Enquirer: 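One structure is given below, represented as structure tokens, and several questions about it will come after.
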Amino acid sequence: MPYAAPLWRSIRDDLRARIRAGLLKPGEKIPTTQKLMEQYSTSSATVRRAVDSMIESGELVGRQGLGVFVADTSEQDS
């Protein structure tokens with residue numbers, strides 16, 4: 001039986017693809033944890049793991065009380 005990637009990685013990869021495709025732009029707020037839970041039919045822990053991994057890698061930025069936003073990578077390059 002082939003190995004299946006954990007769901008949190010699939011969510012992370014999908015969010016990355018949406019950013020690359022321009023569907024989520026730098027500075028734009030990503031959907032809430034609740035909306036992502038509904039979209040991917042999974043738990044908040046799974047969604048948080050995907051989002052947290054992207055925050056750790058600098059792809060997303062969490063802002064206390066405001067939400068999670070796509071990082072502006074042009075600021076990182078300068």
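As the structure is a computational prediction, the values presented were derived from the model and not from experiment.
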Enquirer: Please tell me if the side chains of Val68 and Val61 come closer than 4.5 Å, counting only heavy atoms from C-beta onward.
Expert: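 With C-beta onward as the side chain, the pair stays apart.
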Enquirer: Please tell me if the side chains of Ile19 and Met54 come closer than 4.5 Å, counting only heavy atoms from C-beta onward.
Expert: yes
Enquirer: Please check: side-chain N/O of Lys25 versus main-chain N/O of Gly22, any donor-acceptor pairing under 3.5 Å?
Expert: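 Side chain of Lys25 to backbone of Gly22: a pair is present.
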Enquirer: Are Val51 and Thr33 side-chain neighbours, meaning at least one heavy-atom pair lies under 4.5 Å?
Expert: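 With C-beta onward as the side chain, the pair stays apart.
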Enquirer: Any donor-acceptor pair under 3.5 Å linking the side chain of Lys29 with the backbone of Leu66?
Expert: yes
Enquirer: State which residues pass side chain to side chain donor-acceptor pair (under 3.5 Å) with Glu38; sequence neighbours excluded, sorted by chain then number.
Expert: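 Gln34.
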Enquirer: Are Val70 and Val47 connected, step by step, through hydrophobic side chains (Ile, Leu, Val, Met, Phe, Trp, Tyr) whose heavy atoms are closer than 4.5 Å?
Expert: yes
Enquirer: State, yes or no, whether a side-chain contact exists between Asp52 and Arg12 at a heavy-atom distance under 4.5 Å.
Expert: no
Enquirer: Can you tell me how far CZ of Arg48 sits from OG1 of Thr42, rounded to the nearest 0.5 angstrom?
Expert: 13.5 Å
Enquirer: I'd like to know whether Tyr40 forms a side chain to side chain contact (heavy atoms under 4.5 Å, CB included) with Asp14, so could you lay out the CA-CA distance, the side-chain angles of the two residues, the decisive distance to 0.1 Å, and finally the verdict.
Expert: CA-CA 10 Å; Tyr40 296 104; Asp14 187 53; 2.3 Å; yes
Enquirer: Quick one: side chain to side chain donor-acceptor pair (under 3.5 Å) partners of Arg16, sequence neighbours excluded?
Expert: Glu59
Enquirer: Out of curiosity, does Met37 fall in the hydrophobic cluster containing Leu7 (side-chain heavy atoms, cut-off under 4.5 Å, transitive links)?
Expert: yes
Enquirer: With a 4.5 Å cut-off on side-chain heavy atoms, are Ser43 and Thr46 touching?
Expert: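 Result yes, sub-4.5 Å side-chain heavy-atom pair found.
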Enquirer: Donor-acceptor pair, Gln39 side chain versus Leu36 backbone, under 3.5 Å?
Expert: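 It does not hold such a pair.
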Enquirer: Give me the atom names and distance for the closest heavy-atom approach of Gly58 to Ala71.
Expert: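 It is O-CB, 3.1 Å.
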Enquirer: Between Phe69 and Leu60, is there a shared hydrophobic cluster once you connect ILVMFWY residues whose side-chain heavy atoms come closer than 4.5 Å?
Expert: no
Enquirer: What closest approach, in Å, do Ala50 and Ile11 show between heavy atoms, and which atom pair accounts for it?
Expert: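 Ala50 and Ile11 have their closest heavy atoms at CB-CG2, 3.7 Å.
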Enquirer: So Leu15 and Arg20, do their side chains get closer than 4.5 Å, heavy atoms only?
Expert: no
